[in-house]
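A quick write-up on the structure given underneath.
So that the names make sense, note that chain A is the first sequence line, chain B the second, and so on, each numbered from 1.
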Amino acid sequence: MASSKPSIPKGTRDFNPEQMVRRNYIFDSIRSVFSIYGYQPIETPAMENLSTLLGKYGEEGDKLLFKILNSGDFLERVDPSTARPGNSNAVSLAICEKGLRYDLTVPFARFVVQYQNDIVFPFKRYQIQPVWRADRPQKGRYREFYQCDVDVIGSTSLLNELELVLIINEVFQRLGVRVVVKLNNRKILSGIAEVIGEAERLTDITVAIDKIDKIGIDGVNSELRERGVSEVAIEKLQPVILLKGNNTEKLGLLKNTLAPSEVGMRGIGEMEELLELIRQSGELLSEVELDLSLARGLNYYTGTIFEVKAADVEIGSICGGGRYDDLAGIFGMKNLSGVGVSFGADRIFDVMLQLNLFPDSLLSSTQVMFTNFGKSEAAYCLKALRQLREQGVSAEIYPDPAKMKKQLDYANRRRIKLVVIAGESEMQQNQLSVKNMETGEQATISAEDVVSYIKENI
RNA sequence: GUGGAUGUAGCUCAGCUGGUUAGAGCACCAGAUUGUGGAUCUGGGGGCCGUGGGUUCAAGUCCCAUCUUCCACCCCA
């Protein structure tokens, strides 16, 4: 073999036309909901300065950043003695100053700080762009994937949280995906850690209880032990982890437990207010559930945490987010609270494909095709073809004078509903034949009526 | 980053304990049918068996490495 087979990098994908129209259906639906709620679009570059990205996602996140090699003689300023195996990380920082963005939230925070004087606050923005993670790919996990972020920054009102819940509900209602919206609050988690006497182990505790669905209560407990949480604390934690009942019942029980914790009670207050706001907005299609095991890894969250799971497919979360009180602080802008969620378009795609939720109509792009029997016959069609297009009907003419079988076959495979047949006999009568490919019916129409006939029969 | 599976035609897969020229279905192209599609029949093209090395008289088959895809862990959309 002269050259190896063409291929694309691990974890990346090509999208064919069928996949693209379906993806665009998702993006368009999401975009229009965002827009209805008053959010404005922005875009940021695929690459950011590495200094913007590093240290924002924890140690794990830093490892998953794609770094971009400097141009030119990038080894020029590298001390040869540091360039040895085992020291790749330090060297990579010396030879790379840019990286591909890991999410849309951090670039957004950078954007807000950079343009703070031009932005009108509260700033409601949405952003739909790909992000890259040097993760090991597996089901529902890619190295390049799209996020659809909505955030509002510069407001602490819980009305923003409410709005996000309503957006989530509306997006998945439009797409026909049944979901469960899970809510929690970082302050409640802090309160729990405080009450059981392990305040400084908040992250360990949340990471462990986040896994309860997967590894069960015993697994969580042994993981807590491994992470150094005391037996007494684990004992105290049990009733909280195992909390059952509806949202109000859970909150009621939590109130007793968290009474000694000021943070915890504030968290409960926020949760109660949010649930009340949701109730007042009217009936939602999506189920909204307070889930204390919901932790989410990103440690910049400080208040409400959101996560959305598909009710009918096992694929991890398809949307998630939360409130962050001090994200822009990293970039030198204090006291700017924000809250937002991110829709994972690629996973939503996988869910919808599996549940067969894409409308068939997406697959036919051309509505009318003119057959081609030769130069003069094709020319005879051009006027009607143009008129149809001017009136918004998507139409095309088969470019080559191929056999009728081949042309009709093409129309079939492209799912084109109407085929216009115009040959010598039609030309002589100043007519065109219009064939419906679904029913097989065919009618012969005069040249002046053919456009309106087609419009009526699309 | 750790562990486990996988790779044969465009796609889904056969191919026995190593043994002639590597198969099927679907898809594609052509013809039956020169102005009427989806059906049927007939024929045809297409493979250095993921890649590189090794063992052997002989490797798609056994061994090693590497890459891909998939699964679990970590983490996450």
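- A donor N or O paired with an acceptor N or O is not found under 3.5 Å between the base of B/C71 and the side-chain atoms of A/Arg136.
- Using a cut-off of 4.0 Å between Lys/Arg side-chain N and Asp/Glu carboxylate O, A/Glu144 and A/Arg133 are scored as not salt-bridged.
- A/Ser425 comes within contact range of at least one nucleobase, with a heavy-atom separation under 4.0 Å.
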Considering only nitrogen or oxygen atoms on both sides, find all protein atoms under 3.5 Å from nucleotides 66-68 of chain B and state each distance.
| residue | atom | partner | partner atom | Å |
| --- | --- | --- | --- | --- |
| B/U68 | OP2 | A/Lys10 | NZ | 3.2 |

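- Few gaps surround CZ on A/Arg227; more than 12 heavy atoms of other groups in view lie less than 6.0 Å from it.
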Extract all donor-acceptor atom pairs below 3.5 Å that involve side chains of residues 349-359 of chain A and protein atoms in other chains or at least two apart in sequence.
| residue | atom | partner | partner atom | Å |
| --- | --- | --- | --- | --- |
| A/Asp350 | OD2 | A/Tyr142 | OH | 2.7 |

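- At B/A72, one or more side-chain N or O atoms of A/Gln138 fall inside 4.0 Å of OP1 or OP2 (strictly under the cut-off).
- No contact: A/Gly61 has no heavy atom under 4.0 Å from any strand.
- A/Asp291 is linked by a salt bridge (charged side-chain N to carboxylate O under 4.0 Å, His left out) to A/Lys182, counting only residues two or more places apart in sequence or in another chain.
- Below 30°, between 30° and 60°, or above 60°: for A/Phe111 and A/Phe123 the angle between ring planes is below 30°, a parallel geometry.
- Residues that satisfy the ring pair (Phe, Tyr, Trp, His ring centres under 6.0 Å) test with A/Phe370, not counting sequence neighbours, are absent from this structure.
- Side-chain atoms of A/Arg141 and base atoms of B/C75 include a donor and an acceptor less than 3.5 Å apart.
- Contact annotation for A/Glu377: no contact, since no heavy-atom pair falls under 4.0 Å across all strands.
- One can find a donor-acceptor pair under 3.5 Å joining the base of B/G37 and the side-chain atoms of A/Asn412.
- Inter-residue side-chain proximity for A/Phe34 and A/Glu170 is flagged as unmet; no heavy-atom pair is nearer than 4.5 Å.
- Distance CZ (A/Arg133) to P (B/C75): 14 Å, rounded to an integer number of Å.
- Residue contacts shown for A/Tyr142 include a base, since a base heavy atom lies under 4.0 Å away.
- Look at A/Lys406 and you won't find any side-chain N or O under 4.0 angstrom from OP1 or OP2 of B/C29.
- A residue-by-residue look at A/Asp135 and A/Lys403 shows that A/Lys403 has its nearest nucleotide of RNA chain B further toward the 5' end.
- B/G1 and B/C63 have their C1' atoms separated by 28 Å, with the value rounded to a whole Å.
- Here A/Lys435 does not reach the OP1 or OP2 of B/G35: none of its side-chain N or O atoms lies under 4.0 Å away.
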Base-pair map of RNA chain B as dot-bracket, where | denotes pairing with a different strand and pairs are Watson-Crick or G-U under 3.5 Å: (((((.(..((((.....[...)))).(((((.......))))).....(((((..]....)))))).)))))....

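- Contacts of A/Glu377 classified as salt bridge (charged side-chain N to carboxylate O under 4.0 Å, His left out), with partners at least two apart in sequence or in another chain: none.
- A salt bridge is defined here as a Lys NZ or Arg NE, NH1 or NH2 lying under 4.0 Å from an Asp or Glu carboxylate O, and A/Lys187 with A/Glu270 meets this definition.
- Of the two residues contacting RNA chain B, namely A/Phe343 and A/Gln442, the nearest-nucleotide position lying further toward the 5' end is that of A/Gln442.
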